[in-house]
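To start, the structure under review is shown below, and the notes come after it.
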Amino acid sequence: MLGSLVTRLRRPEYTGENRCLPCTVLNVGIASVGATLLGAWLVAAGSATAAVGVSTGVLAVSLAAIWLRGYLVPGTPTLTKRYLPASVLAAFGKTPAASPEGIAAGAGGGAGSEADAAPSGADEAGGDGATGGNAAAAADAGEAGRTEGEPVDPEALLERANAIEPCRGDDRCLTDEFEEAWHAEIDAVRADDDLGPWLDRFGLDDGAVTTKELGNSFAVSVDGRRVGAWESRAAFHADLAAATLFADRLPGWAGLSARDRGQVCNGLRIFLETCPDCGSPVSFGTETVESCCTSRTVAAVTCDDCEARVFESPVDDEDVAA
């Protein structure tokens with residue numbers, strides 16, 4: 001009977017791995033202060049004998065509720081997400097999770113990558129920008145005027161590669177020729193057991209590739225070193241295929257850092273109309289992504305049939321409301 005009661009009271013969405021430490025600390029503090037004030041009131045009322053027992057019992061019941069439910073005060077998770085400052089969440093290691101961004105900052109710098117031998121501005125590995133042959137390559141890519149630290153303009157580069165074109169008024173769509181070539185390349189990536197050579201198009205070392213599902217992201221490592229995280233395996237395959245095409249179609253591709261190449265490929269995926277994994281149509285929309293202590297709104301492209309997430313980017317709640 002006790003076991004069934006515990007099961008009914010337990011809230012797994014707020015306990016265990018999902019427990020919000022700031023919520024727990026706050027509620028334990030409230031329970032302790034409440035029990036202390038109750039004891040003091042009983043003493044003042046002339047019930048000193050009962051004060052210790054009652055206050056201890058109240059505290060014990062409160063702590064049990066926090067252990068089982070994750071909180072004592074109703075609405076604590078919602079209040080925490082809405083009002084607790086980011087600096088407090090950071091102190092508990094509960095900062096909002098960022099959307100996967102493909103190639104990690106600082107990744108690259110191996111054989112077969114001219115760009116990462118002399119990093120461009122957005123590569124956090126350092127350097128004074130593209131030099132020598134890489135400067136010429138960057139100029140070919142339309143990046144000559146970009147200052148150090150300034151991000152690439154994916155849409156401009158995609159147009160230069162003839163990957164997208166105007167459609168439906170001011171909108172942009174994949175060109176028919178590029179879309180066909182892209183999906184054919186994706187099929188080749190999916191059929192290949194050795195993804196190391198494909199990563200070389202990103203300016204990353206060819207090595208033993210390992211992958212791992214981590215919550216809402218798909219992490220990729222080469223020889224044990226994390227090189228990036230994608231929204232899904234489908235998004236990862238799409239980027240590998242796109243990088244291969246850009247190596248031949250975008251002048252100056254070799255002059256971009258691995259990070260910049262990843263940003264270009266990431267920007268391309270928003271134009272997908274067919275899922276690179278199951279071939280179904282894709283849907284674009286906004287949704288709220290919640291963790292134990294935070295919530296954020298993202299714009300997402302998701303495959304209708306297999307529900308693979310192929311693009312995700314945080315958006316401002318005010319922009320969504322507008």
Do [X] and [Y] touch side chain to side chain, with heavy atoms closer than 4.5 Å?
| X | Y | value |
| --- | --- | --- |
| R261 | L204 | no |
| I186 | H183 | yes |
| E231 | S217 | no |
| V220 | R226 | no |

Notebook entry, point to check: Hey, what do you get for C167 versus C173: SG atoms under 2.5 Å apart or not?
Noted result: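 The answer is yes, since C173 and C167 bring their SG atoms under 2.5 Å apart.
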
Notebook entry, point to check: For the Cys pair C303 and C278, is the SG-SG distance shorter than 2.5 Å?
Noted result: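 Answer is no: C278 does not pair with C303 in a disulfide.
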
Looking at [X] and [Y], would you say the former's side chain and the latter's main chain have a donor-acceptor pair under 3.5 Å?
| X | Y | result |
| --- | --- | --- |
| R201 | L240 | no |
| R269 | V310 | yes |
| S47 | V43 | no |
| D277 | A234 | no |

Next item on the list: Verify salt bridge (charged side-chain N to carboxylate O under 4.0 Å, His left out) between E177 and R249, making sure each step is shown before the conclusion.
Entry: CA-CA 12 Å; E177 188 275 333; R249 295 168 179 248; 2.8 Å; yes

Checklist line | F311/F271 aromatic ring centres below 6.0 Å | finding: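 No; F271 has its ring centre 6.0 Å or more from that of F311.
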
Check: Looking only at heavy atoms, what is the nearest atom pair of L157 and L250, with distance?
Finding: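 Residues L157 and L250, closest heavy atoms: O-CD1, 3.6 Å.
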
Checklist line | Heavy-atom closest contact (V282 atom, L272 atom, distance) | finding: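 Closest approach of V282 to L272: CG2-O, 3.2 Å.
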
Check: What orientation do F218 and F236 show, parallel under 30°, tilted 30 to 60°, or perpendicular over 60°?
Finding: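 Plane angle between 30° and 60°, so tilted.
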
Notebook entry, point to check: Just wondering, are more than 12 heavy atoms of other shown residues or ligands nearer than 6.0 Å to CG in D171?
Noted result: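 Buried by this count: over 12 neighbours within 6.0 Å.
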
Next item on the list: Could you tell me whether E307 atom CD has more than 12 heavy atoms of other residues or ligands within 6.0 Å of it?
Entry: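 Incorrect, the count does not exceed 12.
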
Margin query: Under a 3.5 Å threshold, yes or no: a donor from one side chain and an acceptor from the other, between R309 and T302?
Written below: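 Their side chains do contain a donor-acceptor pair, which is all the 3.5 Å distance test asks for.
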
Notebook entry, point to check: Have S283 and D304 got a donor and an acceptor in their side chains that come within less than 3.5 Å?
Noted result: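 There is such a pair (donor and acceptor under 3.5 Å, judged by atom type) between the side chains of S283 and D304.
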
Checklist line | Six-ring centre of W230, R233 cation under 6.0 angstrom, axis tolerance 45° | finding: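 Geometry flag: not set, cation outside 6.0 Å or 45°.
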
Next item on the list: Apply side chain to side chain contact (heavy atoms under 4.5 Å, CB included) to D248 and list each qualifying residue two or more places apart in sequence or on a separate chain.
Entry: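 Scan of D248 (side chain to side chain contact (heavy atoms under 4.5 Å, CB included), adjacent residues dropped) gives none.
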
